[in-house]
Amino acid sequence: MTEQNHDDTEDLREETAEGSPELQEHDQLAQLQEELEEAKQRALYAAAEVQNVRRRLEQEKQDATKFAVSNFARDILAVKDHLERALDHVPDEARDGRAAKFIEGIEATLREMESIFTRQGIERVAAKGLELDPNVHQAMIEIPSDDAEPGTVIEEMQPGYTLKGRLLRPAMVGVARKP
């Protein structure tokens with residue numbers, strides 16, 4: 001019954017509105033106020049969206065600046081690897097002979113590279129003795145072992161590095177498994 005009364009009221013209102021300019025003006029004013037409120041809401045949403053886009057662009061700009069050297073850093077890691085491998089293969093007797101100064105120069109170059117890496121936020125990924133972490137380690141082989149728990153890194157074939165917390169290159173590792 002209440003709905004019937006509401007419908008009757010609306011019908012009566014429409015009939016009287018045709019002849020009443022005040023009621024028509026009131027209806028127009030109410031409609032304009034409703035449209036104004038909707039426009040305000042759209043403007044607020046648009047302003048919020050613009051602010052979100054600004055924040056996102058600022059973050060992308062900061063990341064681009066922070067990680068601009070990523071490709072160069074990856075490339076220079078290969079040079080560091082080669083220098084380390086070369087030094088690993090130098091026999092002890094060569095360190096006392098005519099090549100001693102040459103070897104010391106290579107070692108000094110490596111120390112300088114490590115100093116530069118530290119200043120630029122490039123850090124070596126810890127691997128040996130830790131549990132395999134697929135976020136920073138790449139398992140290359142499984143090695144049978146009685147001494148280590150399965151899934152533990154027992155050999156590092158190539159070190160991994162991060163740049164300011166972001167992975168540059170995963171450590172390539174050998175992981176223990178049950179014999």
Given Leu168, Asp133, Thr162, the one that forms side-chain contact (heavy atoms from CB on, under 4.5 Å) with Val125: Thr162
For the backbone of Arg111 and the side chain of Ser115, can you confirm whether one donor and one acceptor N or O come within less than 3.5 Å of each other? no
What's the separation between atom NE2 in His137 and atom CG in Leu130, rounded to the nearest 0.5 Å? 6.0 Å
Looking at side-chain heavy atoms only, is the closest gap between Glu34 and Gln31 below 4.5 Å? no
Residue Arg98 excluded, over 12 heavy atoms near CZ under 6.0 Å: no
Identify every side-chain donor-acceptor pair in residues 142-152 under 3.5 Å, counting partners at least two apart or on other chains, and give the distances.
| from | atom 1 | to | atom 2 | distance (Å) |
| --- | --- | --- | --- | --- |
| Ser145 | OG | Asp147 | N | 3.2 |
| Ser145 | OG | Ala148 | N | 3.2 |
| Thr152 | OG1 | Glu149 | O | 2.9 |

From Gln120 CD over to Lys164 NZ, what is the distance, rounded to the nearest 0.5 angstrom? 6.5 Å
Path from Phe72 to Ile116 over hydrophobic side-chain contacts below 4.5 Å: no
How close do Val153 and Ala127 get, heavy atom to heavy atom, and via which atoms? CB-O, 3.3 Å
Would you mind writing out the side-chain donor-acceptor pairs for residues 170-179 within the sub-3.5 Å range, not counting sequence neighbours?
none

Measuring from Leu36:CG to Leu29:CG, what's the distance to the nearest 0.5 Å? 10.5 Å
Separation of Glu104 CD from Glu107 CD (nearest 0.5 Å): 7.0 Å
Side-chain polar contacts of residues 76-84 - donor-acceptor pairs under 3.5 angstrom, sequence neighbours left out - could you list them?
| from | atom 1 | to | atom 2 | distance (Å) |
| --- | --- | --- | --- | --- |
| Lys80 | NZ | Glu84 | OE2 | 2.5 |
| Lys80 | NZ | Tyr161 | OH | 3.2 |
| Asp81 | OD1 | Arg169 | NH2 | 3.3 |
| Asp81 | OD2 | Gln158 | NE2 | 3.1 |
| Asp81 | OD2 | Arg169 | NH1 | 2.7 |
| Asp81 | OD2 | Arg169 | NH2 | 3.1 |
| His82 | ND1 | Arg85 | NH2 | 3.3 |

Between the CG atom in Leu57 and the CD atom in Gln62, the distance rounded to the nearest 0.5 Å is 11.5 Å
Do other residues, nucleotides or ligands put more than 12 heavy atoms under 6.0 Å from Glu114 CD? yes
Just do the side-chain hydrogen bond (donor to acceptor under 3.5 Å, both in side chains) check on Ser70 and Arg74 with the steps written out, would you? CA-CA 6 Å; Ser70 293; Arg74 264 188 225 98; 4.7 Å; no
About how many Å separate CZ of Arg42 and NZ of Lys40, when rounded to the nearest 0.5 Å? 13.0 Å
Hey, mind stepping through Asn135 and Leu167 against side-chain contact (heavy atoms from CB on, under 4.5 Å) and telling me if it holds? CA-CA 8 Å; Asn135 295 311; Leu167 187 66; over 6 Å; no
Report yes or no: do Val69 and Phe117 belong to one cluster of Ile/Leu/Val/Met/Phe/Trp/Tyr joined by side chain heavy-atom distances under 4.5 Å? yes
